[in-house]
*Asks:* 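Questions regarding the structure given below will be posed in turn.
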Amino acid sequence: MRKLTFKGGIHPPEKKELSENESIIEFPVRPEISVPLLQQLGAPSKPLVKKGDPVKKGQMIGEAQGFISANVHSPVSGKVKDVDYTNHPVTGRGISVTILTESNNTPTSDDYFKAEDPEKLSPQEIADIAKNSGIVGMGGASFPTHVKLIPPKGKNYESLILNGAECEPYLTADYRLMLEKPEKILLGAKLMMKACLAKKTFIAIESNKPEAVREWEKLTSGEDWIELKVMKTKYPQGAEKQLINAITGKEVPSGGLPVDVGVLVQNVGTAAALYDAVYSGEPLIKRVTTVTGAVKRRANLLVPVGTYVSDIIEFLGGYLGEPGKVIFGGPMMGVSQRTDGVPVIKSTSGILVLSKTESTEKPQTNCIRCSRCVTVCPIGLMPYEIAARSETGDLETAGSVGALDCIECGSCSFICPARRDLVQLIRLAKNKIIAKKKRGAQK
Amino acid sequence: MIQNLRLSSSPHVKDPTTTRRIMLLVIAALVPSAAASILFFGYYSGILMLTGTISAIAAEAIAEILRKRGLKSLTDGSAALTGLLLSFNLPASVPIWVPVIGAFVSIWFGKMVFGGLGHNIFNPALIGRAFLVAAYPTLMTASWISPVLTNSTASGFINDKLRTNIESVVSSEELDAMTSATPLGLLKDARRVLSNPASTDLQKDKARGSIQTLYSWETIKNMFLGNTGGSLGETSALLLLIGGLFLCALKIVNWRMPFSFIGVVFILTWLIGGTNGFFSGNPFFSVVSGGLMLGAFFMATDMVTSPMTDKGQILFGLCAGFLVVIIRTYGGYPEGVCYSILIMNAFTPLIDRFIRPKKFGIQEVK
């Protein structure tokens with residue numbers, strides 16, 4: 001099969017061998033968990049419980065606020081210890097519901113609403129289940145799924161792309177899921193396709209996962225609604241815009257959304273989560289995450305949301321040497337943590353531990369205009385230029401040369417021989433420009 | 001629970017290639033040519049190269065101390081590379097102080113005054129060379145010596161024969177200053193005779209004979225291998241080509257630049273021809289002579305002073321190649337690689353401003 005790809009990109013060491021052969025293990029529920037109320041892109045959810053309240057597994061404890069938001073459910077049965085600010089893996093601090101676990105038994109409460117005949121659900125009903133179950137994109141960006149599932153007025157979806165590229169080094173959670181629970185992904189995709197009214201579904205898998213490719217070749221052969229697309233192993237192959245470009249040849253317009261070219265991209269994990277919500281009524285309260293790097297034992301774990309990283313590391317026998325960095329996600333776009341006392345959230349695709357030596361950075365030196373950043377930029381930007389403008393605070397020029405188009409994949413910083421913090425500077429310029437626009441809008 | 005882990009913005013992994021590694025690889029790619037130069041011109045050329053390299057490092061050290069920035073930048077290897085490249089541009093018999101002055105001019109006025117590595121507009125080594133040519137024209141254009149391998153039949157034949165030819169066309173004072181000559185210098189002299197209305201028929205015949213000898217496969221073969229008069233490191237087109245292709249393979253050099261550069265020289269030389277009219281030039285002679293290989297693979301491709309995009313690199317190469325042919329054919333100097341590259345260096349910011357990669361998601365206007 002011809003391998004599809006995009007222009008630009010890099011080849012970081014894959015490091016998948018560390019955890020790719022570890023089957024998914026269900027992680028035991030710990031005595032105390034902490035469930036943040038912001039686990040999605042958009043507005044934080046409104047807490048529905050208070051200190052001392054009893055909660056049941058699957059009970060909604062945070063309600064979506066506003067259009068782009070998501071519900072949050074309790075992964076265990078127990079008692080609310082507190083609703084207060086605690087460590088948050090993305091924002092640093094955030095309101096969380098801390099729960100003392102009493103049992104992990106699946107309750108028979110009304111919260112577990114099971115669809116009677118999944119085949120007969122209407123698009124809106126599927127989207128409603130996704131919304132009620134708090135499903136968000138599980139690839140890392142955690143955009144609320146129900147928001148994208150139904151195309152906005154005047155637009156429609158031609159095709160659905162299931163993203164199983166998993167182009168981030170180290171991570172193997174999606175890979176294990178595609179091998180071990182393919183039927184969930186397949187049925188979840190069918191639901192998604194039905195909801196978004198797409199005519200065709202593609203599943204995209206990078207060529208460095210031959211076993212998954214073989215498995216899905218079998219699953220998709222003879223099916224005319226879904227087709228397997230093998231992608232070239234290259235970072236950021238799984239970035240939404242690059243994936244769409246590689247498969248359909250279309251370019252999402254600058255400042256636009258995938259729906260503008262009629263494509264819906266969903267992570268394979270999200271499809272599996274939708275399956276669970278529809279077929280067993282279980283909301284999104286656990287996810288598969290890869291724990292890898294400098295830990296005694298590497299694993300792919302099915303972890304309840306809210307579980308502390310420190311508990312997971314302890315379960316796996318501890319750190320290998322002194323840890324330097326603990327990263328949520330992969331090494332290219334993951335978020336580094338100040339402490340391991342942070343909980344896993346819906347978007348935690350991996351927990352990567354880097355040793356002290358792997359965490360030390362060499363000092364930045366002058367740009368030698370080697371043009372590597374220009375060559376690797378998948379968006380066709382000139383990163384060195386935006387970074388230089390960002391450094392001098394010239395936001396206007398930074399914006400006019402495309403700062404807002406940056407997808408923050410980090411390829412430029414990875415490749416820079418002068419070790420310059422290119423994407424970091426671009427990110428800074430981007431945030432400043434967006435903040436300025438917001439201020440302007442308020443005035 | 002562990003606190004105070006290292007916080008940083010992603011990405012958390014980096015490619016192992018550093019500026020230093022790039023510089024060292026370029027130096028490594030020049031080593032065969034440097035070794036050949038010692039073989040061809042004797043150990044003195046080795047001393048010149050070493051002097052140039054050390055002087056460049058010293059110049060950068062002094063500048064960094066004056067700028068109160070510490071000596072950290074010395075470890076990046078860029079000063080050493082500049083010094084070596086500058087020495088490559090010197091005739092093999094120049095006095096020992098020439099590379100010292102050249103290196104200081106290169107580093108101070110070619111690089112440090114702009115703010116150091118990455119900020120200079122012009123290739124520092126070429127700035128040094130241009131300065132030396134302007135300040136010491138006789139030393140820089142007439143101290144060519146024949147390779148020590150001259151006694152071997154082929155090159156001996158060429159150099160002797162050329163010498164006889166050339167003696168008949170240049171005045172004796174000029175000849176005194178000349179120990180040997182470069183093939184391009186001889187070609188220029190012969191052309192000058194041919195285009196001079198005062199030349200006698202005998203002189204013209206000899207000049208034609210000289211061009212014929214220069215364009216012979218025998219000469220071209222020797223020039224390709226390096227067995228000819230010329231600057232220290234410019235002579236062996238073959239070894240420079242090997243080093244250059246090595247850098248292309250490592251993607252340190254963007255192959256588009258040398259290929260478009262040399263390609264244009266090849267085609268245009270043949271097309272323009274020179275004194276015998278169109279289509280009479282010898283393209284093979286043109287690409288193995290002078291500093292073209294060194295210039296196209298190692299000087300024009302200097303990352304700091306060349307364009308950032310593939311298309312920009314091609315445009316730079318095409319224009320520089322065009323300038324080389326114009327200077328060689330119509331200009332006052334026999335060789336024009338140095339000035340062509342310097343002129344194109346000046347255009348690099350403009351090229352980068354207008355030739356940009358196609359931005360994803362922006363439809364081209366049809």
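Below, read A as the first sequence line, B as the second, and so on, with proteins coming before strands; counting in each chain starts at 1. Reckoned from all heavy atoms, side chains included, excluding hydrogens, waters and symmetry mates.
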*Asks:* So which part of B/Thr348 gets closer than 4.5 Å to some heavy atom of chain A, the side chain, the backbone, both or neither?
*Replies:* side chain

*Asks:* What part of A/Thr365 is in contact with chain B, defined as an atom under 4.5 angstrom from a non-hydrogen atom: side chain, backbone, both or neither?
*Replies:* side chain

*Asks:* Test your reading of the model: is there a side-chain donor-acceptor pair from A/Ser336 to the backbone of B/Ser8, 3.5 Å cut-off?
*Replies:* yes

*Asks:* So, applying side-chain hydrogen bond (donor to acceptor under 3.5 Å, both in side chains) with B/His12, which one of A/Glu358, A/Glu361, A/Lys325 is it?
*Replies:* A/Lys325

*Asks:* For A/Cys370, which atoms come within 4.5 Å of any heavy atom of chain B: side chain, backbone, both, or neither?
*Replies:* both

*Asks:* Would you say B/Lys311 has more than 12 foreign heavy atoms packed within less than 6.0 Å of its NZ?
*Replies:* no

*Asks:* Using a 4.5 angstrom heavy-atom cutoff, name the option from A/Ser310, A/Ser359, A/Gly334 with the most pairs to chain B.
*Replies:* A/Gly334

*Asks:* Look at B/Thr19, B/Asp302, B/Asn120 and state which one has the largest set of heavy-atom pairs under 4.5 Å with chain A.
*Replies:* B/Thr19

*Asks:* Look at atom NZ of A/Lys15 and say whether more than 12 heavy atoms of other residues, nucleotides or ligands are closer to it than 6.0 Å.
*Replies:* no

*Asks:* A/Pro13 versus chain B, heavy atoms under 4.5 Å apart: side chain, backbone, both or neither?
*Replies:* neither

*Asks:* Sort B/Thr301 into side chain, backbone, both or neither according to what part of it lies under 4.5 angstrom from a heavy atom of chain A.
*Replies:* neither

*Asks:* In terms of heavy-atom proximity below 4.5 Å to chain B, should A/Ile327 be classed as side chain, backbone, both, or neither?
*Replies:* side chain

*Asks:* How long is the span from the NZ atom in B/Lys14 to the SG atom in A/Cys416, to the nearest 0.5 Å?
*Replies:* 6.0 Å

*Asks:* Pick whichever of A/Thr360, A/Val261, A/Asn245, A/Leu354 has the most heavy-atom pairs under 4.5 Å with chain B.
*Replies:* A/Asn245

*Asks:* Pick whichever of A/Pro12, A/Pro323, A/Gly255 has the most heavy-atom pairs under 4.5 Å with chain B.
*Replies:* A/Pro323

*Asks:* Between B/Ile22 and A/Ile368, is there a side-chain heavy-atom distance shorter than 4.5 Å?
*Replies:* yes

*Asks:* Does B/Phe322 CZ have over 12 foreign heavy atoms under 6.0 Å away?
*Replies:* no

*Asks:* Treating B/Thr18 as the side-chain partner and A/Pro417 as the backbone partner, does any N or O pair qualify as donor plus acceptor under 3.5 Å?
*Replies:* no

*Asks:* Rounded to the nearest 0.5 Å, how far apart are CZ of A/Arg372 and CG of B/Asn254?
*Replies:* 10.5 Å

*Asks:* Can you establish whether the number of heavy atoms outside B/Arg20 located under 6.0 Å from its atom CZ is more than 12?
*Replies:* no

*Asks:* At a 4.5 Å cut-off on heavy atoms, which part of A/Asp340 comes close to chain B: side chain, backbone, both, or neither?
*Replies:* both

*Asks:* Sort B/Ile2 into side chain, backbone, both or neither according to what part of it lies under 4.5 angstrom from a heavy atom of chain A.
*Replies:* both

*Asks:* Report which part of A/Glu408 has an atom under 4.5 Å of a heavy atom belonging to chain B: side chain, backbone, both, or neither.
*Replies:* neither

*Asks:* Between B/Lys251 and chain A, which part of the residue has a heavy atom less than 4.5 Å away: side chain, backbone, both or neither?
*Replies:* backbone

*Asks:* Hey, is CZ on B/Phe246 packed in by over 12 heavy atoms from elsewhere, all under 6.0 Å?
*Replies:* yes

*Asks:* So which part of A/Lys362 gets closer than 4.5 Å to some heavy atom of chain B, the side chain, the backbone, both or neither?
*Replies:* side chain

*Asks:* Over all heavy atoms of both residues, which pair between B/Met1 and A/Gly341 is shortest? Give the atoms and the distance, please.
*Replies:* SD-CA, 3.2 Å

*Asks:* Below 4.0 angstrom, N of the basic side chain to O of the carboxylate: do B/Asp352 and A/Arg369 qualify?
*Replies:* yes

*Asks:* Looking at CZ of B/Arg353 and CE of A/Met382, how far apart are the two atoms once the value is rounded to the nearest 0.5 Å?
*Replies:* 12.0 Å

*Asks:* Testing the basics here: between A/Gln424 and B/Pro11, what is the closest heavy-atom pair and its distance to 0.1 Å?
*Replies:* NE2-CD, 3.8 Å

*Asks:* Taking every heavy-atom pair that is under 4.5 Å apart, which of B/Pro357, B/Gly115, B/Gly118 has the most such pairs with chain A?
*Replies:* B/Pro357

*Asks:* Could you walk me through whether B/Arg356 and A/Val401 pass the side chain to side chain contact (heavy atoms under 4.5 Å, CB included) test, one step at a time?
*Replies:* CA-CA 10 Å; B/Arg356 311 178 69 91; A/Val401 291; 3.7 Å; yes

*Asks:* Measure distances from A/Tyr384 to the heavy atoms of chain B and classify the residue's part below 4.5 Å as side chain, backbone, both or neither.
*Replies:* side chain

*Asks:* Hey, what do you get for OG1 (A/Thr339) to CG (B/Leu5), rounding to the nearest 0.5 Å?
*Replies:* 6.5 Å

*Asks:* More than 12 non-hydrogen atoms from neighbouring residues, nucleotides or ligands closer than 6.0 Å to CZ on B/Arg6, yes or no?
*Replies:* yes

*Asks:* Quick check for you: to the nearest 0.5 Å, what is the distance between B/Phe360 atom CZ and A/Gln242 atom CD?
*Replies:* 5.0 Å

*Asks:* Distance from A/Ile379 atom CD1 to B/Lys359 atom NZ, nearest 0.5 Å?
*Replies:* 9.5 Å

*Asks:* Please identify each residue that fulfils ring-ring contact (aromatic ring centres under 6.0 Å, His included) with B/Tyr339, with sequence neighbours left out.
*Replies:* B/Tyr333

*Asks:* Could you look at A/Tyr319 and say if it's the side chain, the backbone, both or neither that has a heavy atom under 4.5 Å from chain B?
*Replies:* side chain

*Asks:* Looking at A/Asn366, A/Val335, A/Val423, which has the largest count of heavy-atom pairs under 4.5 Å with chain B?
*Replies:* A/Asn366

